[in-house]
Amino acid sequence: MKYIYKSRKFLFLCHTLVAALVISAAFALVAIAASPAQESQEYTVVAKTPVTLSKIAEKFFGKPDYWPAIMAATNRKYVEDPSFTRISDPESIEPEWKLWIPDKEWADGFMKVWTPIKPELLFGMGPKGQLVVASWWTAGGEAEGLNGLFHIYRSKYPEVEIVNATVAGGAGYIFKAVVKPRLIANDPPDTFQLHAGLEVEGYSPETYLGPLDDLYAIEGWKNVFPSDLLKLLEYKGHYWGVPVNIHRSNVLWYDRSIFARAGLLPPRTWDEFFEVCETLKAQGIVPIVMGDKGGWEAGHVFENILAGVLGAEKYKGLWTGATPWTDPLLTQALKVYKKMLTYVNTDHSAMSWDGAGEYMVADKGAMIIMGDWANGWFMAKNYTDYGWAPVPGTKGIFVALSDSFCFPKMARNRDNVIAWLRVCGSKEGQEAFNTKKGSIPSRIDCDPNLFNEYLQSAMRDWKTDAIVPSCIHGAATIESWVTDFKDVINLFTATGNVSAAQAALKEACVTAEVCK
Ligand code: GAL
């Protein structure tokens, strides 16, 4: 056994099992006053101090068997900062070595998932090779946000080559069709964008994705992601993605100068909305712009009208079967949408959401209903003349969605993915990403001062508003229902047949086996 330890070419499994036994037996008798490590800290081993990790664990945690937590934390630190020691043998700790003592919460979290049969948990491998990151983030703001994450990843793991595998098309309408066959063919990208919520069902996660519960425990994410979001992220008892943000779907963006010139205030009700539209139309300005070329944007606008007309509870009930799709308020929502279409740009079906945004930048269009990635896009365009308000009727409601990254079981560069997911969930990563992306961080401990005025207001609203899930962006329901919903609204956009659309919406709920 000695030879095995000295040579350091031991089998991890033998090593960890034997080390655990030897160490706990040897030091159970050593009484050292414990000073629990509440904060993480650097610790330099000095001569004559304990020379095994379990003694150090006892010193900081009062528990010798917490040595794996110190070993894992130090080895992870080493990956980022080689001045720390890479520990391979918990029994041979040399003077002058720099160790990283994790805080108690991290150590407790780690010890919950630590098992000698997963020795790889002890090592923060220095990733090498490639990391293929797949997303649909190509528009202004989206691309910049993603680059913010890449920048942090590269600074930590300079030897990894990031492959930015984007498939353009808002809300992932092309992307999803590309990723699924790759998963099924066991040829997935290393990690890919996934909305929090029932969207994951469409990827058969139990077959194709790795659950991330251990990583959540080790990183302490359950303490920093809000409970509403954690609920959304959990599917069949597991976490399948690491969220990078929270987006708001129900924002009415407006051009401040146009509104000021016309003496208008952002409308709070649908009646006010149509009055505003009339005034703007009379002045030769496109009152509300839309670009529904991607097939999802009309549904996006409509889901927010639904929330505005039905209110939070009834809107939520649509996706659980509690609110019938025959409700007269639904008829009203369809009529509001139909009337709105009489005020939109006539070329709406030929452009994407950001294409429609150009009307506002050019001072030719006054309003757009779009998620707050529009905020990121405006920033990327250096367009600052915009104001925001909840979509009429939705004050106090936050129609929410979140982007996460997942871990395909057949990912080729596994260590690199874990390192990526850690960056995604980190405070540093979320601050870099969201300040550009236009979304609020999914962590509650990010610094609000880093974010623009709109985002600070969204952070406040998130805390006080009723949170309801977006359908179009994967939170409320399964992908097949989202597709049916989009199809109905696209047809309705073309035909304007209210009763046919309502019947088809009801039918979609039946097909999804939520309504009878
Ligand atoms: C959403 C996604 C956002 C944004 C938007 C437009 O589905 O969650 O991050 O990218 O699509 O592409």
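As the structure lists them, so they are numbered: ligands from 1, and atoms in each ligand from 1.
- By the 6.0 Å and 45° rule, Arg256 stacks over the aromatic ring of Trp388.
- The distance from ligand 1 to the heavy atoms of Gly170 drops below 4.0 Å at these ligand atoms: 12 (O).
- Annotation: Trp137 places an N or O atom under 3.5 Å from an N or O atom of ligand 1; distance criterion only.
- Checked against a 3.5 angstrom limit, the closest N/O atoms of Asp403 and ligand 1 fall inside it.
- Ion pairing between a basic and an acidic side chain is recognised when a charged N comes within 4.0 Å of a carboxylate O; Glu201 and Lys236 show no such pairing.
- If you check which protein heavy atom lies closest to atom 4 (C) of ligand 1, you get Glu142 OE2, 3.3 Å.
- The aromatic rings of Phe273 and Trp270 sit perpendicular, their planes meeting at an angle over 60°, well past the 30° parallel limit.
- In this structure, Lys338 forms no cation-pi arrangement with Phe492, as its terminal cationic atom is not both closer than 6.0 Å to the ring centre and no more than 45° off the ring axis.
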(request) Tell me, with the steps shown, if Asp327 and Lys314 meet salt bridge (Lys or Arg N to Asp or Glu O under 4.0 Å). (result) CA-CA 10 Å; Asp327 195 298; Lys314 277 201 151 186; 2.6 Å; yes
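- Protein heavy atom closest to atom 1 (C) of ligand 1, with residue, atom name and distance, is His473 ND1, 3.3 Å.
- Heavy-atom contacts of His195 reach the following atoms of ligand 1: 1 (C), 2 (C), 7 (O), 8 (O) (cutoff under 4.0 Å).
- The shortest N/O to N/O separation between Gly169 and ligand 1 does not fall below 3.5 Å.
- The contact set between ligand 1 and His247, taken as ligand atoms under 4.0 Å from a residue heavy atom, comprises 3 (C), 9 (O).
- Here the protein heavy atom with the shortest distance to atom 3 (C) of ligand 1 is Lys437 NZ, 3.5 Å.
- Formation of a donor-acceptor pair under 3.5 Å by the Tyr315 side chain with backbone atoms of Pro469 is found in this model.
- Dense packing is recorded around NZ of Lys409, with more than 12 heavy atoms of other residues, nucleotides or ligands lying under 6.0 Å away.
- The proximity of Leu401 to ligand 1, defined as any non-hydrogen pair under 4.0 Å, is limited to the side chain.
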